[in-house]
Amino acid sequence: MSDARDQGAPGSSGGSSAGSSAGFGAPPAKFDLPAIERDVIEGWRANEVEYRSLHGHRPGEDAPASPGATGEPAPEFVFYDGPPFATGLPHYGHLLAGTIKDVIPRYWAMNGYRVERRFGWDCHGLPIESLVENELGVHGRAEIEALGVPKFNAACRAGVLRFTSEWRAVVERMGRWVDFDNDYKTMDATFMESVWWVFAELWKQGRIYEGHRVQPVSPLLGTPLSNFEVAQGPQETNPKTGKDGHKLRQDPSLTVRFAVEGEDNTYLWAWTTTPWTLPSNLALAVHPEVEYALIEVVETGEKAYVEPGRLEDYQARKRVGETRELRRMKGAELVGIAYAPLLPYFADERLNEDGSRRAFKVVSADYVTTDSGTGIVHQAPAFGEDDFLVGKREGLPLIRPMDLNGYFDERVPDFQGLRAKDADKGIMAKLKEQGSIVDRDTYVHPYPHCYRTDEPLLYMAISTWFMKVEELREQLAANNEKIRWVPAHVGDKRFGNWLGGARDWNLSRNRYWGTPLPIWRCDEDPSDMVCVGSIAELEQLAGLEPGSVTDLHRESIDDITFPSARTEGGTMRRVSEVFDCWFESGSMPYAQNHYPFDPAKKDYVESNLPANFIAEGLDQTRGWFYTLHVLSTALFGRPAFENVIVNGLILAADGKKMSKRLKNYPDPMGVVERFGADALRAYLISGPVVRAEPMRFGRDKNDTEGLCVREMVKAAILPLHNAYNFLVTYARVDGWTPTAAVWDHEPAADLDRWILSRTQSFVAGMRREFEAYSLDNLVPAWLEMCDELNNWYIRRGRRRYWKGGDEAGADKQDAYATLYRVLVTIAKCMAPVLPFYCEHLYQRLVVDLGLATGADADSVHLQRFPSVDEGRIDAALERQVALARKVVGLALALREGERIGVRRPLPKLTVASRDPEVRGAMARFSEDIQTELNVKAVEIAEDDSALVSLSAKANFKVLGRKLGKRMKVVAAAIQTLEAEALRAVLEGGTVEVEGETLGADDLILRREPLPGRVAESEGTITVVLDTNISAELEQEGLARELINRIQNRRKSSGLEVSDRIALTVVCLDGGKLSGALEREELRALVEGETLTAALSVEQTAGSDAQDGREEIDGEQLWLRLARHEG
RNA sequence: GGGCGUGUAGCUCAGUCGGUUAGAGCGCCGCCCUGAUAAGGCGGAGGUCGGAGGUUCAAGUCCUCCCACGCCCA
């Protein structure tokens, strides 16, 4: 920024350059938004503007009591930033969320609130672990532990922040103000200690328990995989469905007979594709509503239960011979049937202690289908999610005779040491030998495979730690009621439903780089456990020096042990798991402030929960939104946030996901440097994507360059720049300089009073939108305002600014003062959305002129958001101007229809309306209408009966309620009503139709212009254009055509706006133009409009000269012009 | 398979409590205006309102089913 601005900035005295101001600087010749933005960033840096917005004071100073110096501390507006992973570069989704996270805090900061905005980094978890696994070439538990957790974690720590500087650069360039210096990282010891505190609180509340969960396991790696890793497994297109999915796999399709106890030669036929789980079979499942049959195989006499539709399939494949149906029953009737264990290993589990049946029985399960198999499904609770849940419900034991590498253990001696899939053959052979196999086939299906080893995954129950959430459902729902969701349906439906069905949260992971679970367990007695809630507590338990534990990662604390206080001779060792990283991000409100350990921030945390505002993508419904909500509800009984904006996903222009490989989207920073960050911000928040709906980033399918953003420059920023340019151009010519007094100006002209009113309405509208957190209307509201400013206020007022210096009266002062005020107000209003251009505008309009007085006056972002001056709003005036613009539009359409250009003056426009407000508006703005339309007179009439024919239609909305079924008859009759009857209604009378008495409100009148006139009707307004062009008017039209040609030449020959010229017009002898220029008043008109100081008109009989040649109405003429000196 | 959302002009989207000529912006075509404007104005072409049923005097709007797409869950 320039020196002039720097002078005005420091210190609170301000305005030091006021006296020396020489008025506006010259506007740039070229509009280059990215260049302006870079300049603005420089200014923000030089003046520490961002720091002051974030902290409420300059670096090194104490926090002031308040900007207003009233002694009260500034109120807090609390914002929580959801931490991204720094292992990738920011994409459009981040830029969108970042923009939302910037716009709202800027608004509240401009309203006098202190808005702390700390950036956060999510450092733990699989993204970085996977990266490091690849970089180090180690995969799975065995390899990582062979390498050593210290080395592995050191690599994670070293690599996780690799892109932070890139992030910071992008965020800054986008104009997002957020505190990177005072950021939080989930791997900081302080953060992790708070996570421990959170967990210990839950432990004290009795909300933590150890349980099991079925998870996919990669047997070679010996580790459970996350959904993320499963999704990264090999993919293949399914030839049957044509869709991509897991790689296909051929598995055995085995149908096995289970002998029903107490029924001779009777079996349950059950189906499985995983023979290796049959040793662990503990039940058979049927669907309670499905009909089953007891059949007899004619050839063998074997009786079996099976679903009849499925039986047909077996018979069609000739796997089962002829059968006879004995009986039919619902699945529910089969429930409880006991059968003999298929294999002997767990036969002891048959009965409960009280002698009731425990396992090897038929159970009911809704997930059973009749798509494949027999309709009866083998259950091994430790090896499938569905089986597990059924087993839990039925009280079946959880038996998993296999380690994480998939080797059978000693409990299945026949197959001990064999790996799961390798045992399939042996198991089938054994079953065949004992006559248990009904059918054996193969089955090809998509199946998840390991992303590293390509092996099929095994699903098995694994011990994990849970937080009880189900019992919190009511409180969660009650707290959700206190949150304003944008859009509302995400909260009511999506999030609400999710809370209603919330399951206990599995919050541990069998991983390495994360916050370790602070549970120490006795090696002698697994039920003897201690949950450690702080570093100090750990040091004390382990007898370590206070301060000796400085890091909480596994490599630092896994070796810390201490004797059990409860179990003689027992040693307490930490359990191996780490936290789900969602637990960490959900702890962020406390952990970012090292709660409750940092005494300086304890109150701050407690009094700032819930946050006023957060914003993230729709995918966080079950992620961060949920974990924040669960933890704050459990810990404090409060929601974690009051207002949340949920954004949708950004897709590429072609509607597909953005893909680096396909290159179907432009580089974000390339777009910013080409078109500007303000434009990108405005584009991003202008659609339904700020209401959780997906957005296509592009103007059309083929827009891979971000042309959509260029359009936003044209629509939202250039017009503002043009308005500024206009003001400055003429102010410089006139030597007009703003002073603080412009704000007290009471302009006389309707035009000024109108735009000031319109501006206040705009401010009020913007405030409403900001405070409703509905961002998608901000830019459209601005575009409307922009249209009013440029295409009416400035267009209509243009001549007021270029009156010569001696004519400069009060009206000109009013015009400048008003336009100036409007622009400064807009700069403040739009600053949250367009932080760069609005700052630029404010600097040029206010700071450069030394009008920035008081502390923090050197940036628009440290200013107060304009408050609404209700007294300035004149709703009637705004309506009247809208009516005037409406009439102008109608009349321009008539001119278009008649092919009469606006340069050609017409004698008269008639506006007829019965509505007194319309007539009032016409009278008030007749001069504007006249000049805008180039008509010599505007005639206003009340009676339009000579101009239009009247017809009527039923007012369905009004009559429908009254008439109900009679509506149709009456509506038809109304259409046949004669004009005379309708005129009577217009006069306040009524009309009888089909026995109904109807008044004006029951009808909608339509006006059709009568033929023979150039007329148009809309609503109650009829406009008629008189197109009789007299000889005088034709000559005036020619003069205006001539002016147009001269102006174009002035412009193209590089003359300044204020230059006076010497002009020679050579026209055809005896031509029409020649005739026109014989009229003194038309010559004066030409001279005045074109600043011609010396006009000479020459006649010619004709010429071939090309130089200066023009044509008007097919008649040639030649122009010569030069700057007139002196 | 379930939950939620979306489907309206070539594209991006409005469309109120159900009310009868379904709108805007961009793009295209034509015309016009312009000494602030890189703009602007007017007009035109362009719509089975995803489909099918239903409720109703009346459905883009409400209900049911179906189709497509997206997110999440399974």
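A, B, ... follow the sequence lines: proteins, then strands. Residue 1 opens every chain.
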So the side chain to side chain donor-acceptor pair (under 3.5 Å) pairs with at least one residue in residues 685-698 of chain A (sequence neighbours excluded) are A/R691-A/D776
Taking side chain to side chain contact (heavy atoms under 4.5 Å, CB included) as the test, write out the residues that go with A/N506, two or more places apart. A/R213, A/Q215, A/T464, A/F466, A/S508, A/R509
Keeping to residues at least two apart or across chains, list the ring-ring contact (aromatic ring centres under 6.0 Å, His included) pairs with something in residues 881-903 of chain A. none
Hey, does the side chain of A/N1044 come within less than 4.0 Å of B/U34's phosphate (OP1/OP2), counting only N and O? yes
Nearest-Å distance, CG (A/D787) to C1' (B/U37)? 14 Å
I'd like to check the side chain to side chain contact (heavy atoms under 4.5 Å, CB included) partners of A/D1002; sequence neighbours left out, ordered by chain and number. A/V958, A/L959, A/K962, A/L998
Point-to-point distance, once rounded to the nearest 0.5 Å, from CG of A/L906 to CD of A/E1036: 10.5 Å
Paired runs of 3 or more consecutive Watson-Crick or G-U pairs involving RNA chain B, with both pairing distances under 3.5 Å, are B:1-7 with B:67-73, B:10-13 with B:23-26, B:28-32 with B:40-44, B:50-54 with B:62-66
Think A/K493 has a side-chain N or O under 4.0 angstrom from the OP1 or OP2 of B/C4? no
Classify the nucleic acid contact of A/L783 as base, sugar-phosphate or nothing, counting any heavy atom under 4.0 Å across all strands shown. nothing
Just jot down the ring-ring contact (aromatic ring centres under 6.0 Å, His included) partners of A/F495, sequence neighbours excluded, or say none. A/W485, A/H629
Any residue meeting ring-ring contact (aromatic ring centres under 6.0 Å, His included) with A/Y626, in chain and number order, not counting sequence neighbours: A/W498
Nucleotides 30-32 of chain B: which of its N/O atoms have a protein N/O under 3.5 Å away?
from, atom 1, to, atom 2, distance (Å)
B/G30, N2, A/E896, OE1, 3.4
B/G30, N2, A/E896, OE2, 2.8
B/C31, O2', A/E896, OE1, 3.4
B/C31, O2, A/E896, OE1, 3.1

Using a heavy-atom cut-off of under 4.0 Å over every strand shown, decide if A/L963 touches base, sugar-phosphate, or nothing. nothing
Closer than 4.0 Å, any side-chain N/O of A/Y724 to the OP1 or OP2 of B/A36? no
Check whether any side-chain nitrogen or oxygen of A/K957 sits under 4.0 Å from OP1 or OP2 of B/U20, and answer yes or no. no
Presence of A/R798 side-chain N/O under 4.0 Å of B/A36 phosphate oxygens OP1/OP2: yes
Residues in side chain to side chain contact (heavy atoms under 4.5 Å, CB included) with A/A973, at least two apart? A/V993, A/E994
Quick one: list whatever passes ring-ring contact (aromatic ring centres under 6.0 Å, His included) with A/Y683, sequence neighbours left out. A/F697
If only atom types and distance count, is the side chain of A/N497 paired as donor or acceptor with the main-chain N or O of A/K493 below 3.5 Å? yes
Base, backbone or nothing for each nucleotide of nucleotides 7-14 of chain B, written B, S, -, heavy atoms under 4.0 angstrom, 5' to 3'? ----SSSS
Sequence neighbours excluded, which residues qualify as ring-ring contact (aromatic ring centres under 6.0 Å, His included) partners of A/H91? A/H94
